[in-house]
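Note sheet for the following structure.
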Amino acid sequence: MTVIESTVPVEKSLRQRLIGFNLLTAIILSLVGWWIGHLIGSWINTPSTTYYGTEAGYNDIEVFLGYFFGVVGFLVGLGFANYPVRRMLGHPASLPDHAEVTEPGIWKYLRLSVDHKIVGLQYLGGIGVFFAVGGLNAMLIRTELLSPSTHVFGPNQYLTLVGVHGSMMMGMMTSGILGPFANWVVPMMIGTRRMAFPRIEALTFWLLMAAGVILITTIFFGGFQTGWTGYEPLSDQGTAGFDAYIGFFALVGLGMCLLGLNLMVTIVTMRAPGLTWSRLPIFCWSVLATCVLMVLASPMLIACLLMGAMDRTAQTAFFIPGNGGSAALYQNLFWVFGHPEVYVLAIPGFGIVLELVPVFCRKPLWGYRTAVAGMLGVALLSFFVWQHHLFVSGIDSDLRPFYMLSTEIISLPTGFTFLCVLGTMWRGRIRLTVPMLFCMGWAFNFLFGGISGVFLSDVPSDVDTHGSFFVMAHFHYTIMGGLVFTFFAAIYYWGPKMTGFNFSERLGKIHFWMMFLAFNSTFGPLFALGILGMPRRVVTYPSNLQALNIWVSVSAFVLGVSMLVFLWNVVQSLVFKREVSDPNPWDSKSAEWQLPTPVPAYDFIEWPDIGPEPYPYGQPLETPSGAVPAGGVAPAGGMT
Amino acid sequence: MQDTTPYFRRLVLIWLVSSVVLTALVVFVLAPGLPPGNATVQSSAAVVDNTVLFGISTPIALAVLLCLGYCLVVFRERPGSDTTLEGPAVRGNSSIQLWWLVITTTTVLFLAVFGSIELLKDGAGGGQGPNPLSVPAGHAIQVQVIAQQWEFTYRYPGYGGVETNSLEIPANSLIEFHVTSLDVIHSFWAYQLGVKADANPGEDNIAYVNTKAPLNFEVHCAELCGVYHGYMYNSGKVVPKAEFASWIAQQQKTFAPVSGNLPKYSRSYFPAPDRRGG
């Protein structure tokens, strides 16, 4: 490969920066688009087609068309139309150049960029903002639950907070690891300079941002009372606020599908010469397993939301029982997507932990093939378990033993991940750095998340805990305790490489311990509340449960403060201290750490060297020649 | 220089001792006292079921946690030690991997079989849909639970279809709940009874419970059903049979004028198509 010189960008004035295709233009054009959609919608929606009348001053067709044209305007304003238009006018096909990577300042993050390093950081910042919104919602929910009766919010505000919190977290965190870290690190790990479809990569990011804003606009249309699951026919009763939910999740689904496709094609087709499947870093395997789920599951979500949207606008009755529709149909369609979706949140976490533990234990990954089989197994099985969400909903009762079995079987491949983590740690030389602490936090939390899942998969036990705070505690243990802990592990691990600056280790440790203890103190007692009969999503509860609820709320506030510690760490490191990071502070042998910091515009000058082992750590065993540990991969030559 | 300390044997010993003690504590002290209690045959069965699950998961959780803790304590790189040293380049051990697979598979299959037997015995108090697979033996008293935004009412088809707004059921009887809804999806949850069944509009969801001694219990809606979901609860009573007979006779008399105007008793009711609450 030849060296490609990147052009040095010219310094621009503020006026030059503000005019052109950037975030500002996008916001202006999205408002114009909203207004156009609104006009068309009010023209279509003549009184004869008004089914339910108008609530909150809006009708559903107006709102849907407003969102549609708003998103189109947003994308045009960012410059997504430029390339197709140029091609239509006869200009030759071109790959974008990566000159913007070397541009100083934050301006390059505020406009369309197709460089995978910039998109990765855009994702991290953008998701971080919406993650903060979702987290603040959780704080408000816990504030309300300080008292058994309503005291701060009314029931409608409360349920809107619950719905926005749940949807925001579920929607944003689908890309929580894949967006920032897979986009940033996978091309380097597999030895390529870009993703397979760089423009689609940028599109998935900006779609997610548009989706997040759409979800927040629900507050202008009366909110929605359905939680993140949006069960019909309740959602059909909702005001135009529920249209925001549909718009949000449909865009998230579209983004998920495209992100999965892009990463999958990249990993399958663009690996450097010599990077065979058995040499692929385990994180890439987890990304691949997740992508399969994303590509196959999210179309189901989009289809199901489209049917819901048609019920609200075009007078169909897919989900309206009184008109011949079926409420159970929605539950089934939603969970056919929804259960793979929760593994979309879990598997990247497995990948991060399996990727980081060898580095900090100074040992090769123990049981590489088992780990791969585990993640692929989880991905495959996750399509066969969805009716465990419907155990008491009146599904055909012969189905329940099957779904109990399939749900319990999924704990086998999940267990492989634990086995491989423990096997790697055994006799290692464990360095308890901040990323390693977060990985250990994952192991502790996910264990309890998994075991409570076995209780929920057992129908006789599930009858008592279904729809209660027990379920809520269970999935917070797996998603917050699992995914979010590995998300922070990844930030502390790759952060120095991505940003070029060191984070404070002391603040990182304070953040970890505060978050770990507050997390368990928040969600542990929720198991008890569920067993004691407190249903989910209630604004009032029996007064004998108040003491436990106050305990949980106070712990949740401490959990919130631990995020401020993290934020202070980031601000201090990136704005004030600006301590330039060592190219390889963790002494990692992974490809991305062999590059200089900051990573050059084109990542690699020539193909990276691919060794015979993905994890060449550890001292070779002093065994008689040929006596390879049984079953393990033979320690091939070329190890350092 | 191969480290020959018997780490693994030590860990196994620690695990054996602690899991015997802790599992015994969990199985004999903690789990039997947990809700839903012993008010009905189904809730007692749920307690037994949970006890078995706790008994199996305690040693497994301990094995993972102890191994994790042991590694972190014993194999941690001490401050000041030689940082160029690395762990042994072991890449797997097929017999451990095989044993792990065998043990976890056996556990999981046992749990699935045990759970299915418990479930198929009497339906475990869960909603079984319109055609229940597991019907407990004996004469059942039918009670229809009608959920709507945001209250439960109860109809007794064996007593002229009288509709009441409080739930009373006789002690030591088999009760057949027919759960349905008039508008959106709700869920009938009486946790002391060990019963939960979703209320779907236009559908009949059947759950069985064998009551034991008299008691008062709470009824909650366990499926988000709109703005006042949090207020959708009331209480019910299990009363001696004679008391139930006089109570239901009283209800029939009180509600006689209303009963005449009720729709004919039906397994399910369809919501009016254009109703929009929220």
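Numbers restart at 1 for each chain; the letters A, B, ... are given by sequence-line order, proteins then strands. All figures in this text were calculated on a predicted structure; none of them were measured in a lab.
- Nearest heavy-atom pair across A/Y617 and B/A89 is O-CB, 3.8 Å.
- Interface remark: B/V195 contributes backbone atoms only to the contact with chain A (heavy atom separation under 4.5 Å).
- Closest non-hydrogen pair, B/A112 versus A/L405, comes out as CB-CD1, 3.5 Å.
- Proximity to chain A (any heavy atom under 4.5 Å) is shown, for B/I56, by neither the backbone nor the side chain.
- With a 4.5 Å cut-off on side-chain heavy atoms, A/L234 and B/E223 do not count as touching.
- For the atom pair A/F455 CZ and B/D49 CG, the distance stands at 9.0 Å (nearest 0.5 Å).
- Only the side chain of A/Q331 comes within less than 4.5 Å of a heavy atom in chain B; its backbone stays farther off.
- The minimum heavy-atom distance linking A/R429 with B/L85 is given by the pair CD-O, 3.3 Å.
- Both the backbone and the side chain of A/S393 come within less than 4.5 Å of a heavy atom in chain B.
- Rounding to the nearest 0.5 angstrom, the gap separating the CZ atom in A/R537 from the SG atom in B/C221 is 11.0 Å.
- For A/D398, the parts lying near chain B are the backbone and the side chain together; criterion is any non-hydrogen pair under 4.5 Å.
- If you measure heavy-atom distances from B/N50 to chain A, the contacts under 4.5 Å come from both the backbone and the side chain.
- Contact annotation for A/F416: both backbone and side-chain heavy atoms come within less than 4.5 Å of a heavy atom of chain B.
- In this structure, A/V392 and B/F188 have side chains that are not in contact, with every pair of non-hydrogen atoms separated by 4.5 Å or more.
- One finds the OG atom of A/S468 at 11.0 Å from the OH atom of B/Y191 (value rounded to the nearest 0.5 Å).
- Using a 4.5 Å cut-off between heavy atoms, B/Q42 does not touch chain A at all.
- Sorted by first and then second residue, the ring pair (Phe, Tyr, Trp, His ring centres under 6.0 Å) pairs with a member in residues 60-81 of chain B read A/W426-B/Y70, A/W426-B/F75, B/Y7-B/F75; sequence neighbours excluded.
- Using a 4.5 Å cut-off between heavy atoms, A/M534 contacts chain B through its backbone alone, with no side-chain atom that close.
- If you measure heavy-atom distances from B/N205 to chain A, the contacts under 4.5 Å come from the side chain alone.
- The shortest distance between side-chain heavy atoms of B/V64 and A/F446 does not fall below 4.5 Å.
- Heavy-atom distances place the side chain of B/Y233, and not its backbone, under 4.5 Å from chain A.
- Using a 4.5 Å heavy-atom threshold, the side chains of A/R400 and B/L120 count as separate.
- If you measure heavy-atom distances from B/S43 to chain A, you find no contacts under 4.5 Å at all.
- Residues B/L72 and A/M425 share a closest heavy-atom pair of CD2-CE, 3.8 Å.
- At distances below 3.5 Å, at least one donor-acceptor pair connects side-chain atoms of A/S397 with backbone N or O atoms of B/L133.
- A/L159 touches chain B through its side chain: at least one heavy atom from C-beta onward sits under 4.5 Å away, while N, CA, C and O do not.
- Contact of A/V459 with chain B is made through the side chain alone, with heavy-atom distances under 4.5 Å.
- The backbone N or O of A/R536 lies less than 3.5 Å from a partner atom in the side chain of B/H229, making a donor-acceptor pair.
- Annotation: side chain of B/R91 is in contact with side chain of A/E613 (closest heavy-atom distance under 4.5 Å).
- Heavy-atom distances place no part of A/Y541 under 4.5 Å from chain B, backbone and side chain included.
- Residue contact with chain B, scored on non-hydrogen atoms closer than 4.5 Å, is absent for A/T229.
- Heavy-atom distances place the side chain of A/P542, and not its backbone, under 4.5 Å from chain B.
- Atoms CZ and CD, on A/R362 and B/E77 in that order, are 8.5 Å from each other to the nearest 0.5 Å.
- Contact of B/P132 with chain A is made through the backbone alone, with heavy-atom distances under 4.5 Å.
- Residue B/L11 touches chain A through its side chain alone, counting heavy-atom pairs closer than 4.5 Å.
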